[in-house]
Every structure is written in structure tokens, then in C-alpha cells.
A.B. asks: 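Let me begin by handing over the structure; questions about it come next.
Computed from a predicted model, the values in this text were never measured in an experiment. All heavy atoms count here, side chains included; hydrogens, waters and symmetry mates do not. Every chain is numbered from 1 and lettered A, B, ... according to where its sequence line falls, protein lines coming before strand lines.
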Amino acid sequence: MSNNTYDAIVIGSGISGGWAAKELTEKGLKTIMLERGKNIEHIKDYVNANKAPWEFEHRGGRTQKMIEDYPVLKRDYPLNETNLDYWTNEKESPYVEIKRFDWFRGYHVGGRSLMWGRQSYRWHDTDFEANAKDGIGTDWPIRYKDLHDWYGYAERFAGISGNKDGVPILPDGDFMPPMEMNVIEKDVQKRFKDFYKDARHFIIGRTANITVPHNNRTNCQYRNKCWLGCPFGAYFSTQSATLPAAMATGNLTVRPWSIVTKILYDKDTKKAKGVEILDAETNKTYQYFAKIVFVNASALNSAWVLMNSATDVWEGGLGSSSGQLGHNLMDHHLGVGAGGRIEGFEDKYYFGRRANGIYIPRYRNLNGEKRDYIRGFGYQGGGSRQNWSRDIAELNIGGAFKDALSEPGSWNFGMGGFGETLPYHENRVFLDKEKKDKWGLPVLAIDAECKDNERKMRIDMMNDAKEMLENAGVKDVQTYTTEPVLGRGIHEMGTARMGRDPKSSVLNEWNQVWDAKNVFVTDGAAMASAACQNPSLTYMALTARAANHAVEELKKGNI
Amino acid sequence: MNRRAAIRNMALILGGAIVLPSCLHDDKGKAIVELERLKIDAEQEKLVNSLTQTILPKTDTPGAAELGINLFVFKMMDDCASKEQQADFITGLKTFADEAKNQMNKAFADGTDQERTAFVQSVEKQSTDKNFKDDGKLMAFYQMVKGQTIFGYTTSKFFMTKQVVYELVPGRYNAMYPASKATA
């Protein structure tokens with residue numbers, strides 16, 4: 001048994017799991033990080049990262065075979081031939097959709113930290129206070145001041161490039177130098193500022209791509225192939241950042257192919273004593289023991305682990321005494337925006353593929369404004385020069401047409417909204433009674449949808465996009481919208497929320513499970529509300545803060 | 001993967017010309033290119049090859065056939081097109097062949113550059129005619145071939161290294177790059 005005993009167990013190896021492993025090992029704890037999928041070794045296993053576009057058989061496209069194999073992934077951009085291995089095998093790991101929910105997963109070391117969008121924004125007190133003010137869900141047990149230093153800590157280590165824009169709703173961070181806007185983005189920004197003054201802001205995206213060398217990582221090379229894995233380690237991932245730091249301590253063990261089936265709960269001490277795993281390759285069961293357990297399996301799977309744990313004490317699993325475990329599932333709703341053409345600048349182009357765009361922070365329902373919905377949304381977008389295409393009848397085929405294909409086309413500018421989704425108790429995941437996965441384990445059923453508040457917000461998201469682009473000089477602006485589908489934002493949150501009261505929340509202010517104080521959940525599951533900013537930076541800050549607290553409590557003998 | 005497919009893929013990867021000796025043709029009119037899901041005969045293959053070359057002919061730079069773009073079109077239609085798209089492709093291919101024969105009094109592939117170009121231009125014209133009904137899937141076929149031809153060409157090694165500026169590792173972002181050449 002001694003071989004299976006550690007100081008700490010981390011379940012999951014994605015963004016928050018990697019951070020937990022780094023923090024705990026740096027504080028001297030012997031830690032095992034359990035990952036349900038295969039190992040992906042930094043650089044060596046990024047097999048497609050150095051291929052040219054023409055080296056892909058279908059030039060990055062999707063085959064009918066892929067479409068058959070990935071009935072969920074095919075619904076949006078992630079299904080492609082360049083990084084197919086990074087997405088979860090849906091036949092092995094199915095789930096049940098009571099309502100459509102696009103769950104895009106990554107089961108391997110690094111999790112979705114390898115494929116994430118890297119946009120990194122702090123929250124504001126407006127976000128932490130929103131539930132209390134609106135009387136919705138449960139009040140966050142923390143405020144911005146509680147996370148302020150941890151945001152800085154996370155930013156300095158992860159390496160977030162951005163500009164100190166001084167936007168009140170979007171606090172500035174400890175940034176590396178920002179990436180540059182291209183010529184039309186600068187033009188749109190200027191017109192935007194002339195029109196909106198300080199009421200709305202148009203800023204360069206804040207992204208976890210480093211712009212100067214950092215911790216043995218090379219600065220961004222403007223390849224825009226991030227989601228293949230970066231041979232330069234230029235964007236934050238478990239592999240590029242937290243894993244090497246944790247390994248350097250000599251305190252970390254990583255165990256791939258380890259599906260945690262339950263947390264082992266001790267009724268007498270009211271604490272977890274370890275976890276049980278199923279080896280995904282051998283189907284053998286093992287137990288690991290530790291003083292603390294960090295649950296970082298991603299929002300839905302963290303809920304799944306809790307639901308399968310301590311069921312002899314609580315039928316619904318560890319953390320279910322609140323009646324909130326698995327509930328309040330949130331995401332960001334998107335797929336609505338506008339785009340148009342920019343006149344002029346024919347003699348200008350850009351060189352390099354910038355893996356970043358522009359950002360328009362939230363401006364709705366602030367400073368006393370009251371729309372017919374609550375909360376708000378932001379936009380991500382960018383300007384680019386398209387390939388040549390003109391509607392000239394005589395120039396649709398032939399040698400002149402062929403030559404024209406290499407001429408730069410028109411400048412376009414487009415942007416899409418990211419809207420806040422409210423925490424609805426009835427939006428939830430639960431264990432399906434019938435269906436099993438490849439390993440005979442119960443699978444999740446997901447029952448969640450966008451409601452009236454999100455739908456009303458989307459009308460603004462579409463119309464505002466058009467209005468702002470037109471006010472900023474963009475021509476021929478076209479809007480688009482889609483049926484809002486949860487999951488598409490790939491920002492699952494809320495299924496084991498933090499709160500002030502064990503009767504209405506699963507976790508306390510330090511991300512500890514109320515019913516087992518040495519169990520910490522610090523991924524998206526912990527979120528009490530969604531705000532409209534990309535959430536990963538907040539997970540990093542929450543994780544570092546919780547790990548610090550865990551070690552302090554351990555030293556005090558409190559857990 | 002079979003040998004012919006391997007040759008084909010190597011050609012794609014190298015982005016270079018592929019010339020298959022005519023002796024590979026057998027008497028039964030079987031296509032040279034071996035496809036798994038899309039069934040075509042040698043005549044039809046010749047037509048598509050010829051059509052891609054009509055869309056992007058050889059000038060002082062290579063045309064579609066010299067770059068193996070015709071093979072890319074088959075590859076995409078074989079692997080990536082849905083059953084419905086493949087059915088339309090076949091139906092439209094037949095319609096295209098028939099109409100070309102009517103207009104040119106010979107098989108499309110046997111036409112001169114001028115004859116083939118004139119016919120394809122007439123197809124292009126039809127595509128802008130609001131009253132045109134694509135019952136024979138002529139337009140569906142043509143648009144698939146043209147779309148994949150352009151996609152294959154603009155992502156080919158030749159295009160990306162010789163016609164536009166492409167670097168696998170740009171290493172920098174220049175926001176004020178002059179527009180003498182497109183970048184990719």
C-alpha cells in the first residue's frame with residue numbers, strides 16, 4: 001500500500017489539474033496526477049505541428065469516416081484531420097443528450113489545455129456580485145479582491161500577452177507586451193473610439209501566447225497552429241508550462257490511462273482517504289491514498305466523479321447533500337455576430353499568422369442601464385484580407401483567373417459574441433441508468449438549454465454588432481445568428497458550485513467540498529455564475545488559491 | 001492503401017507533377033485512379049482531368065493536371081463528399097458529358113482549349129441565370145469540381161511556395177506588410 005500513498009492526488013491534467021499539480025508539488029507535496037487518457041509528450045507527440053498545409057491528405061478537411069465516427073464533434077469546427085487525436089473517441093465514451101449539448105472533450109495528458117482558445121480575461125466585481133444583486137443562483141463566496149493577487153500570479157507564470165487598456169469592467173493584468181493590430185483593425189479601432197469615446201472599448205485580445213521568451217519557452221512564432229501543439233511551447237498548456245514546473249520539483253508522478261471511478265470517503269473522519277481508479281488499458285482496479293484530493297476532471301466529469309463517490313452515505317454522491325451537484329450547468333452562448341468589408345488599404349497586408357484577435361468587452365447593463373435581459377456579452381473578432389474572388393464573368397476560369405488567385409482580395413472584418421448564460425437549477429447533468437461506456441461505467445445524461453434571458457440577449461448581440469461595425473466604417477455589414485446550443489462555447493461550468501451555504505452549494509469559499517474538506521474542486525464545476533469572459537484564467541487563479549489554502553490547512557492539521 | 005493511391009498521395013505531398021503511363025489503362029474503360037466510394041470509368045476520369053485543366057490551364061506556370069489537382073479532386077470527392085454529393089457528382093458528370101458532346105460534337109476531353117473553354121464558359125453563364133434549374137445536376141457537379149480544384153490549387157505546395165508568401169514559421173507579425181504579394 002505504501003507505493004500507492006501520496007500527499008496529494010490530482011484528478012485530471014488539463015488547465016486546472018496542471019495548475020494544481022504545479023502548486024502542490026512546489027509546496028513540497030508528493031503528488032500523483034491521474035489522467036484518464038493517453039500520454040501526450042510535449043513536442044515529441046505533436047505529430048502534425050510541423051506539417052505544411054499541403055501535407056495533409058484532405059488539406060485539413062473532414063472525411064465521411066470522421067463524420068461517422070464523431071457524431072458530436074462534427075457539429076462544429078473541431079472536427080478536422082489535423083488534430084483528430086486530441087479529441088475524445090465518442091464511440092468509447094458516449095453520453096446521453098436529453099437536449100442537444102455539444103460536449104467537445106479531450107481525454108489525454110494536457111486535456112483541453114492543448115486545444116484551448118487561450119483568450120484570458122480577468123473578472124470584475126460586477127461579475128462576482130451579479131448573482132446576489134439579481135437574486136439568481138447563489139452568491140459567490142468571494143469577490144475580486146480575493147482573486148486579484150492570484151490572477152496576477154497566474155498571469156505571470158502562464159504568460160498572458162495584452163495591453164493595459166484601463167477598461168473598468170475588464171481589469172488589467174500583469175501582461176507581456178500585446179500583439180499588434182493589423183492595419184484595418186487599427187483603423188476600425190480609431191473610428192470606434194471616435195464614436196463611442198469611453199463608453200465601449202475595442203482592444204487587442206489578451207491571450208496566453210507569450211510574446212517574449214519565458215521559463216525556457218520560446219515566444220510566439222505567429223504560426224497560428226496552436227491547437228496542433230506548439231513545438232516552441234509558446235502558448236500556455238499543461239505540457240508547456242505547469243507540467244515541467246511540477247516535474248522539476250521531483251514530487252510529481254503522472255499516471256495516464258487512469259479513470260478515477262470514485263473518491264474513497266471515510267465516514268468516520270468525514271474526509272476522503274484516496275481514490276479508486278480503473279486502468280483504461282488493463283481494466284484493473286487500483287487504489288491511491290492521499291491527504292488531499294483535487295478534482296480537476298473538467299466541469300462535467302468532476303461532477304461525474306463526485307456522483308459516483310460516497311454513495312453509501314449520500315445516494316446522489318459526494319457533495320449532493322446540497323441538492324446542487326450536477327445542477328446549474330452553464331456555458332457561453334455564441335454563434336451570433338456580424339461582418340463586413342473594409343474599403344481601401346489595397347496596398348497593405350500583414351505577414352505572420354497571429355493567433356489572436358480583437359476584443360470588445362461587455363458594455364451592456366452597466367452603469368445603471370437596464371435592457372430586457374440581465375448580464376451581458378463581449379465580442380471576439382478580427383480583420384483579415386481574403387483570397388482573391390471577384391464576380392467577373394470572363395475571369396472565372398483560365399490562365400488569367402489562375403494568376404488572379406494569388407492576388408490579395410478584399411479586407412474583411414468580422415466578430416462574434418460570447419454571452420453570459422445564467423445558472424438555471426434545471427440545467428443539469430446526471431448519471432444515466434442504462435447506458436455504459438467502453439469500460440462499463442455509467443455515462444452522463446445532459447439536460448440543458450438556453451432560455452429567455454439568453455435569447456433576448458442574442459438579439460442585442462446581433463444588432464449591436466451590426467451597429468458598431470457600421471459606426472466604425474465597415475461596409476456591407478451582414479449579421480448572422482444561430483439557434484443557441486449549450487456546449488458549443490466549450491466553457492462548461494457550474495455543476496459543483498461554490499457558495500456561502502452548504503445547503504445551496506457544493507463547495508465553500510476555498511473550493512472545498514462542504515461534506516469532505518480535503519476534497520477541492522477547482523475547474524469549471526466550481527463556478528457560481530458564468531460572466532461573459534473566457535473562464536480559464538479564473539480557473540488558474542482559483543486553483544492556485546485553493547492549493548495554497550489546502551497546504552496551509554494541512555500544516556495546521558485542519559484537514 | 002493500394003499502390004496507385006500511394007502514388008497519388010505521394011504526388012500530392014510532393015505537390016509535383018504526376019504522369020501515369022497510358023498503358024495503365026485497361027480495355028474495360030476502368031479509371032486509373034482507384035477510388036473506394038466513387039465509381040467512375042475511364043471516360044469520366046478523362047473528362048474531370050480535362051475540366052480541372054480547363055479551369056486552371058498550363059500557362060507559364062503549371063496547370064491543374066501538372067500539379068495533380070485532378071487527383072486531389074477525386075480524393076476529396078471519394079473521401080469527403082457525402083453519398084448525396086457523390087450521387088449528384090455522377091449524375092452531373094453524365095449531364096456535363098452529354099451537353100459537352102452536343103455543343104462540341106466530340107467528347108469534352110477531346111476538345112481544343114478553345115472549345116473546352118467556350119463550353120465551360122457557357123456553364124458559368126448558366127450559373128448566373130436565375131431561371132436555370134439544375135435538374136441534371138450539371139451545376140452541382142461543376143461547382144464541386146471547380147471548388148475543389150481551386151481549394152487544391154491554393155493549398156498546393158506550388159501555389160503556397162511560388163505564388164504567394166508562405167512560411168511555416170513566420171517568427172514575426174508584421175502588421176504593415178506591403179501588398180505586392182498575398183500571404184497565406
Side-chain angles (χ1 to χ4, degrees), chain A residues 50-67 81 179-183 185-186 211 218-225 231-232 345-356 385-389 391 393-394 396-403 405-409, chain B residues 9 12-15 37 54-61 63-64 72 75-76 78-83 86 113 117 120-121 124-125 127-128 146 150-184:
Chain A
N50 282 323
K51 282 188 185 163
W54 57 87
E55 292 179 296
F56 293 99
E57 248 191 329
H58 307 94
R59 307 282 156 90
R62 45 177 69 176
T63 64
Q64 288 296 313
K65 173 85 170 69
M66 288 162 59
I67 290 168
E81 79 179 332
M179 290 182 172
E180 194 177 356
M181 289 187 191
N182 66 35
V183 64
E185 289 164 347
K186 284 175 185 165
T211 48
T218 306
N219 49 297
C220 180
Q221 300 295 300
Y222 294 96
R223 291 157 36 94
N224 197 17
K225 294 176 187 293
F232 299 91
F345 303 100
E346 279 92 4
D347 60 337
K348 292 290 189 295
Y349 215 107
Y350 45 85
F351 182 81
R353 297 177 292 278
R354 188 193 62 199
N356 187 18
R385 207 158 179 187
Q386 304 300 307
N387 282 335
W388 189 89
S389 98
D391 202 18
E394 302 76 43
N396 278 331
I397 59 166
F401 170 68
K402 188 178 69 173
D403 292 342
L405 288 173
S406 59
E407 290 170 19
Chain B
N9 291 331
L12 287 176
I13 287 165
L14 299 175
R37 298 166 62 241
T54 309
I55 294 167
L56 299 178
K58 183 173 187 295
T59 53
D60 55 343
T61 60
F72 176 76
K75 175 104 190 128
M76 294 300 280
D78 195 31
D79 292 348
C80 299
S82 66
K83 280 199 183 101
Q86 289 182 334
D113 289 353
T117 300
V120 176
Q121 288 292 13
E124 284 276 353
K125 272 220 176 65
S127 74
T128 58
K146 186 180 177 187
I150 293 169
F151 179 49
Y153 176 68
T154 53
T155 53
S156 69
K157 183 178 184 181
F158 168 79
F159 182 86
M160 295 194 82
T161 57
K162 299 289 200 304
Q163 299 299 92
V164 295
V165 181
Y166 175 82
E167 291 177 24
L168 181 64
V169 184
R172 63 211 182 276
Y173 186 68
N174 181 349
M176 298 293 278
Y177 192 74
S180 54
K181 259 194 167 183
T183 64

A.B. asks: Under 4.5 Å from any heavy atom of chain B, what part of A:K225 do you find: side chain, backbone, both or neither?
C.D. replies: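 Looking at A:K225, just its side chain touches chain B.
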A.B. asks: Out of curiosity, A:Q221 CD to B:Y173 OH, how far, rounded to the nearest 0.5 Å?
C.D. replies: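 Rounded to the nearest 0.5 Å, the CD-OH separation comes to 15.5 Å.
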A.B. asks: In terms of heavy-atom pairs under 4.5 Å, which option from B:V169, B:T59, B:T155 contacts chain A the most?
C.D. replies: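 Among the listed options, the one with the most contacts to chain A is B:T155.
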A.B. asks: Is B:K146 in contact with chain A via its backbone, its side chain, both, or neither, using a 4.5 Å heavy-atom distance?
C.D. replies: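 Just its side chain gets close to chain A.
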A.B. asks: Name the option with the most non-hydrogen atom pairs under 4.5 Å to chain A; the candidates are B:T61, B:D60, B:L168.
C.D. replies: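 Option with the top pair count is B:L168.
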A.B. asks: Side chain, backbone, both or neither: which part of B:A81 has an atom under 4.5 Å from a heavy atom of chain A?
C.D. replies: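 Only the backbone of B:A81 comes within 4.5 Å of chain A.
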A.B. asks: As an exercise, state the distance from CE of B:M76 to CD of A:E57, rounded to the nearest 0.5 Å.
C.D. replies: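 Those atoms lie 10.0 Å apart.
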A.B. asks: Please give me the minimum heavy-atom distance between A:R353 and B:Y166, naming the atom from each residue.
C.D. replies: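 For A:R353 versus B:Y166, the nearest heavy atoms are NH1-CE1, 3.4 Å.
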A.B. asks: With distance as the sole test, does A:K65 use its side chain to make a donor-acceptor pair with the main-chain N or O of B:D79 at under 3.5 Å?
C.D. replies: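 No, A:K65 side chain to B:D79 backbone: no donor-acceptor pair under 3.5 Å.
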A.B. asks: For chain B, which of A:Y222, A:F345, A:F351 has the most heavy-atom pairs under 4.5 Å?
C.D. replies: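 With the most close heavy-atom pairs to chain B, the winner is A:F351.
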A.B. asks: Taking only residues two or more places apart in sequence or in another chain, which ones pass side-chain contact (heavy atoms from CB on, under 4.5 Å) with A:Q64?
C.D. replies: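 By the side-chain contact (heavy atoms from CB on, under 4.5 Å) rule, A:Q64 matches A:I67, B:R37, B:S82.
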A.B. asks: How many angstroms lie between atom CD of A:E180 and atom CG of B:N174, to the nearest 0.5 angstrom?
C.D. replies: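 The CG atom of B:N174 is 7.5 Å from CD of A:E180, to the nearest 0.5 Å.
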A.B. asks: Measure across A:F401 and B:I150 and return the closest heavy-atom pair with its distance rounded to 0.1 Å.
C.D. replies: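 Looking at all heavy atoms of both residues, the closest pair is CZ-CD1, 3.5 Å.
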A.B. asks: Can you see which heavy atom on A:G399 is nearest to which on B:P57, and at what distance?
C.D. replies: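 Looking at all heavy atoms of both residues, the closest pair is N-CG, 3.5 Å.
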A.B. asks: Stepwise, does the side-chain contact (heavy atoms from CB on, under 4.5 Å) test hold for A:R59 with B:F151?
C.D. replies: CA-CA 9 Å; A:R59 307 282 156 90; B:F151 179 49; 3.5 Å; yes
A.B. asks: Where does A:M181 contact chain B at under 4.5 Å (heavy atoms): side chain, backbone, both or neither?
C.D. replies: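 The backbone, not the side chain.
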A.B. asks: Answer with side chain, backbone, both or neither: which region of A:R223 has an atom nearer than 4.5 Å to a non-hydrogen atom of chain B?
C.D. replies: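 Its backbone and side chain both get close to chain B.
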A.B. asks: Please report the shortest heavy-atom distance between A:E346 and B:A179, naming the atom on each side.
C.D. replies: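 That closest heavy-atom pairing would be O-CB, 3.2 Å.
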A.B. asks: Verify, without hydrogens or angle tests, whether A:K186 (side chain) and B:A175 (backbone) share a donor-acceptor contact under 3.5 angstrom.
C.D. replies: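 It does not hold such a pair.
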A.B. asks: What are the two closest heavy atoms between A:W54 and B:M160, and how far apart are they?
C.D. replies: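 Here A:W54 and B:M160 meet closest at CZ3-CB, 3.5 Å.
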A.B. asks: What part of B:F159 gets closer than 4.5 Å to chain A, counting heavy atoms only: side chain, backbone, both or neither?
C.D. replies: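 The side chain, not the backbone.
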A.B. asks: Out of curiosity, B:M176 CE to A:D347 CG, how far, rounded to the nearest 0.5 Å?
C.D. replies: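 Spacing of CE (B:M176) from CG (A:D347) equals 8.5 Å.
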A.B. asks: Considering only heavy atoms, which portion of A:F232 lies under 4.5 Å from any heavy atom of chain B: side chain, backbone, both, or neither?
C.D. replies: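 Contact with chain B is through the side chain of A:F232 alone.
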